[in-house]
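Here's the structure, in structure tokens; my notes come after.
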Protein chains: 2
Amino acid sequence: MQDMMMNDQLGIGMIMRHAEQIAAEVEIVSVLGDGSRHRYTYGQAFARARRLANALERLDIGSGARVATLAWNDYRHFELYYAVPCSGRVCHTINPRLFPEQIAYIIRHAEDQVLFLDPQFIPLLEQLQTELPGVRHYVALCATHELPVSSLPHLHSYEALLAAETAEYSWPELDERTPSGLCYTSGTTGNPKGVLYSHRSTVLHSLAGNLADVIGLRAEDVVLPIVPMFHVNAWGMPYNAAMVGAKLVLPGPRAGDGATLAALINDEQVTYALGVPTVWLALAQHLEQGDVQIPSLRRAVSGGAACPLALIERMERHGVTLEVGWGMTETSPLGSYNRYQPWYDGLPAAERGQQLVKAGRQVFGVQLRTIDEQGNELPRDGVAAGALQARGPWVCAGYFGGERCDDWFDTGDVAAIDASGYLQITDRTKDVIKSGGEWISSIDIENAMMAHPQVAEAAVIGVAHPRWSERPLLLVVPRAGHVPHTEELLDFLQGKVAKWWLPDACELLDELPHTATGKVSKKDLRERFVGYQWPK
Amino acid sequence: MQDMMMNDQLGIGMIMRHAEQIAAEVEIVSVLGDGSRHRYTYGQAFARARRLANALERLDIGSGARVATLAWNDYRHFELYYAVPCSGRVCHTINPRLFPEQIAYIIRHAEDQVLFLDPQFIPLLEQLQTELPGVRHYVALCATHELPVSSLPHLHSYEALLAAETAEYSWPELDERTPSGLCYTSGTTGNPKGVLYSHRSTVLHSLAGNLADVIGLRAEDVVLPIVPMFHVNAWGMPYNAAMVGAKLVLPGPRAGDGATLAALINDEQVTYALGVPTVWLALAQHLEQGDVQIPSLRRAVSGGAACPLALIERMERHGVTLEVGWGMTETSPLGSYNRYQPWYDGLPAAERGQQLVKAGRQVFGVQLRTIDEQGNELPRDGVAAGALQARGPWVCAGYFGGERCDDWFDTGDVAAIDASGYLQITDRTKDVIKSGGEWISSIDIENAMMAHPQVAEAAVIGVAHPRWSERPLLLVVPRAGHVPHTEELLDFLQGKVAKWWLPDACELLDELPHTATGKVSKKDLRERFVGYQWPK
């Protein structure tokens, strides 16, 4: 028996049309490379997206073709986010921080036919272009007079392409399972793998994220995605903000430093921002150095890496509720979210702290579970920790060009889930420290260490030990101007983590190695400390 | 090209599983027929839903079969809302306020195989049962000892059925387009027509309703659907509340009077409630008579009929933000919603009032448009009024047993839409008053009249006029103890509506006729005033 509801397909075009009808006059603000700001409205953005769709036709980019971007967060990138998928093509966002050989690999693997790039990446592509015979056009995201002299073949200026077209374009009706976006993950081993999103997965992901108990954007919000648009669709914000008609602030190429961020937040009256912990660390340090306040910013989310409680508490002192989210490229990314709940106010301080650092609850639509090493599902008791698995309409069932598998997805994280669904990530599967047959959570120890006033960054890795198989080694980057005693640092952890978790030694470092997506590379640390001599 | 996202299907089972995992201990409170309250948790509710699914197997009710309910808002009805669709059957909720012959008609038309009914409806069914040969089982929603002596064949007690089963049941995987619910609309002409919802439409409707800028339920909320569960799924609340794990309060058979409502709101600390304007009128009157306050109730929604500004302002004085929603059985029902926005605070009083009575903006996923009599789309300028059409994944494409048509759905309302998407319903197409070739909005005049202190209810109908084709006639039910002068009432409208809209006459009535769903029946009024003699 068939239902009698309309067949209307979920699509990014639905978001675009809705924003045009409720928020045509709402602003999108972009910070440009020279620090100046570009301002226009959703209405103008989508008129330009129609020109862009016409330009893609003129460049003879077929339906389903991959259209690559190498770009920072700005309005032209926003236009690509809509024009490419809504015209039936696939928007492939590339992380410019990857190694050049990785960038060349994924452009070839994705079979990108056209590459839209910020002019600063032209020298990189000049270097790679002989390896990229499939790229038929390069489009620099600039005006014609800004186009540099270049050896790149078929190099157009974006503005010249758009100027040649009309803003009349009839968006095609697309099946909701039509691919819309492609994003490669850079694992620590092997080649990057592509996650192929669909219109359906993107719309459902945005709906779930905008639920009142999750991110819950409202029309009155001003949204600042500091997370790059090349990184899992800036956690969905170019779609989530448009879905509710919220003002969007795109911070351009230099969003990392605290002073720039604070000024942008104040100028644009940002109410909600998204970034990795290091961004919030930079902002907190800036606010603490001067007399700066950021009263408009009520909430922010930290994702991409474990967020130390000390950082949440610092942001709280500046009036910002820093909420923790969890996800990955393979989960679009939103898998769980810790929306601040009024009942947290009533918890004793220690319990409240434990609650705040949790990764929240599975977002409606996603299922999370933990399994033991034999594959048995673990109880949801907040204690049993095991390999975290996910499934749902915006979780990947395989990688681009690979086999489909609609079974549970292995996230590579180790976690415990409690009876109310709260998720505590304790480690990465590959980073877990196996000591005497038991697991030690490096993240918990790192969180505890970050509360020390002289500690800027901390990492705990497992190092081979003759008796226990592995034991934890604590690695600390002190705050500028401080040289803490390692014994004192180790003592600080007493009573804050289980006794047998206490690291056996501590080393001070000038900095920690980071991956292309800004995470601490424990793989590099483990390699560096292979054969480490434990103190007697 | 296929996407690489999981095939997971949207389903009501997804809501159930999510609530079990995040809110197993959260309460569902039901007011019973004797005024006592039944309390249990989502965890217990879904365990009983599994017993119920086993009972449906034992009664040999096949996949896709229609399972009817004739019941008030309580926990057993809630269990039917999940067990029936999640086991692959269709939950057909019947409005007990329909005429008996209409009830018999829709049971036959739906081919209901089993009927779950509150014991008070047993006499009604005894009277109808010879006309219902297709109903194989009657199940009274009570314990065995509460089962009355009855001539109904195959009459079971609900509790006996459940007690005979285990709480072990494996919910089937269902395609998301599987029908889940059926609800008949009683038009003013012809037989009632059935709207057949699907798992997909139900889940998308709940997601859209829980967007932060729409109803936006949160886990901390306590939700009271005063709107009956037989009326468009209580506007979705049994699903919306479970989706976020919010406490649900089901008010049972006697939810209409102000005193009962106020007590329930205070006892259960209700934060959000849903009902038609007459419910809020009764509550406001009760609060104004005594020294009662309802501080927990922060927001409520009025739907099902136009909400007068005077009522919104009265509720505001009691600390409740009364928001206006618009929809119908054919739209699941949520089509638009007027979430209170912070910028309303800054409007001059008159503009703020105009904004508050609007039906809000199209909910994301639904498209609304207005057309003229030639079928041309009207501008979104807030002025041009025309026939309102809707489309979207939870808008019906035809009626049960009829033809599918995926074109725009004619809502039967007349409306204007402004440049920000705000919708102003001005009339029903069939109630619109055509005077001298122009349309007069009866709803606007009624709203203005309701602000008069001596007016309890007001209706404006078009009556034949020798010169203007039709002219508006004002019909007023005074507040108890008042006998206003009709001239004074007409004068009161001066300056509040366009001069040529001013009714030509006013008549006082003891009461207005209402339809089975509680709306003023203008059809009956027009019939009563056919041939009305206009005063000179």
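Below, read A as the first sequence line, B as the second, and so on, with proteins coming before strands; counting in each chain starts at 1.
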Would you mind checking if B:K358 and B:D418 are paired as a salt bridge, meaning a charged N to carboxylate O distance below 4.0 Å?
-> yes
B:M4 versus A:Y399, closest heavy-atom pair with distance = CE-O, 3.1 Å
By a 4.5 Å heavy-atom criterion (distance strictly below it), what part of A:V203 contacts chain B: side chain, backbone, both, or neither?
-> side chain
Under a 4.5 Å heavy-atom cutoff, which of B:S198, B:G216, B:S201 has the most pairs with chain A?
-> B:S198
Proximity breakdown for B:D175 and chain A, heavy-atom pairs closer than 4.5 Å | neither
Top contributor to chain B interface from A:A212, A:A24, A:S180, A:A19 [non-hydrogen pairs under 4.5 Å] | A:A212
Select one option (side chain, backbone, both, neither) describing which atoms of A:D221 are under 4.5 Å from chain B's heavy atoms.
-> neither
Ionic contact status for A:E323 with A:R298, cut-off 4.0 Å | no
Under 4.5 Å to a heavy atom of chain B? For A:A390 that would be backbone
Chain B contact via A:Y422 - side chain, backbone, both or neither, heavy atoms under 4.5 Å = neither
A:A23 versus chain B, heavy atoms under 4.5 Å apart: side chain, backbone, both or neither?
-> neither
Region of A:R361 in contact with chain B, defined by heavy-atom distances below 4.5 Å = side chain
Intermediate values then yes/no, side-chain hydrogen bond (donor to acceptor under 3.5 Å, both in side chains), A:N240 and A:Y272 | CA-CA 12 Å; A:N240 284 41; A:Y272 185 76; over 6 Å; no
Would you please classify the geometry between the B:H109 ring and the B:Y184 ring as parallel, tilted or perpendicular, with 30° and 60° separating the classes?
-> perpendicular
Look at A:E330, A:R177, A:M1 and state which one has the largest set of heavy-atom pairs under 4.5 Å with chain B.
-> A:R177
A:F364 vs B:N210 side-chain heavy atoms within contact, under 4.5 Å | no
Heavy-atom contact with chain B under 4.5 Å, split by part of A:A419 = backbone
Counting only heavy atoms closer than 4.5 Å, note whether A:P342 contacts chain B via side chain, backbone, both or neither.
-> side chain
If you measure from the Lys or Arg side-chain nitrogens to the Asp or Glu carboxylate oxygens, is any gap between A:R339 and A:D213 under 4.0 Å?
-> no
Name the member of B:V244, B:V195, B:L10, B:T178 that forms the most heavy-atom pairs with chain A at distances under 4.5 Å.
-> B:L10
Winner by heavy-atom pair count (cut-off under 4.5 Å) against chain B, out of A:L217, A:V395, A:L182 | A:V395
Give a yes-or-no answer on whether the side chains of A:R89 and A:S87 include a donor-acceptor pair shorter than 3.5 Å.
-> yes
Of all of B:E220, B:Q341, B:E25, B:R391, which one pairs up most often with chain A through heavy atoms under 4.5 Å apart?
-> B:R391
For B:A242, is it the side chain, the backbone, both, or neither that has a heavy atom closer than 4.5 Å to a heavy atom of chain A?
-> neither
Specify which of B:G194, B:G365, B:P393, B:G402 makes the most heavy-atom pairs with chain A at under 4.5 Å.
-> B:P393
Residue part contacting chain B, namely of A:S332, when any heavy atom lies under 4.5 Å | side chain
In terms of heavy-atom pairs under 4.5 Å with chain B, which of A:G209, A:S420, A:G421 leads?
-> A:S420
Under the side-chain hydrogen bond (donor to acceptor under 3.5 Å, both in side chains) criterion, do A:Q362 and B:Q21 qualify, and how do the steps go?
-> CA-CA 9 Å; A:Q362 63 190 16; B:Q21 293 182 342; 2.7 Å; yes
Based on non-hydrogen pairs under 4.5 Å, which of A:A208, A:P179, A:C405 is most in contact with chain B?
-> A:P179
Relative to chain A, which of B:G64, B:G245, B:G392, B:S63 shows the most heavy atom pairs under 4.5 Å?
-> B:G392
Any luck finding a side-chain donor-acceptor pair between A:Q367 and B:R17 under 3.5 Å?
-> yes
Would you check if A:F400 and A:C183 make a side-chain contact, meaning some heavy-atom pair closer than 4.5 Å?
-> no
Correct closest heavy-atom pair for A:I106 and A:P192 would be CG2-CB, 3.6 Å
Heavy-atom distances under 4.5 Å only: say whether B:R380 touches chain A with side chain, backbone, both or neither.
-> side chain
Classify the side-chain pair B:Y344/B:N338 by whether it contains a donor and acceptor separated by less than 3.5 Å.
-> yes
Are the charged groups of A:R200 and B:D8 less than 4.0 angstrom apart, N to O?
-> no
Measure across A:L211 and B:L207 and return the closest heavy-atom pair with its distance rounded to 0.1 Å.
-> CD2-O, 3.6 Å
A:I15, part contacting chain B, at a heavy-atom distance under 4.5 Å = both
Turns out that what part of A:V90 lies under 4.5 Å from chain B's heavy atoms comes down to side chain
Quick one: which of B:Q2, B:M14, B:M5, B:M243 has the most heavy-atom pairs under 4.5 Å with chain A, could you say?
-> B:M5
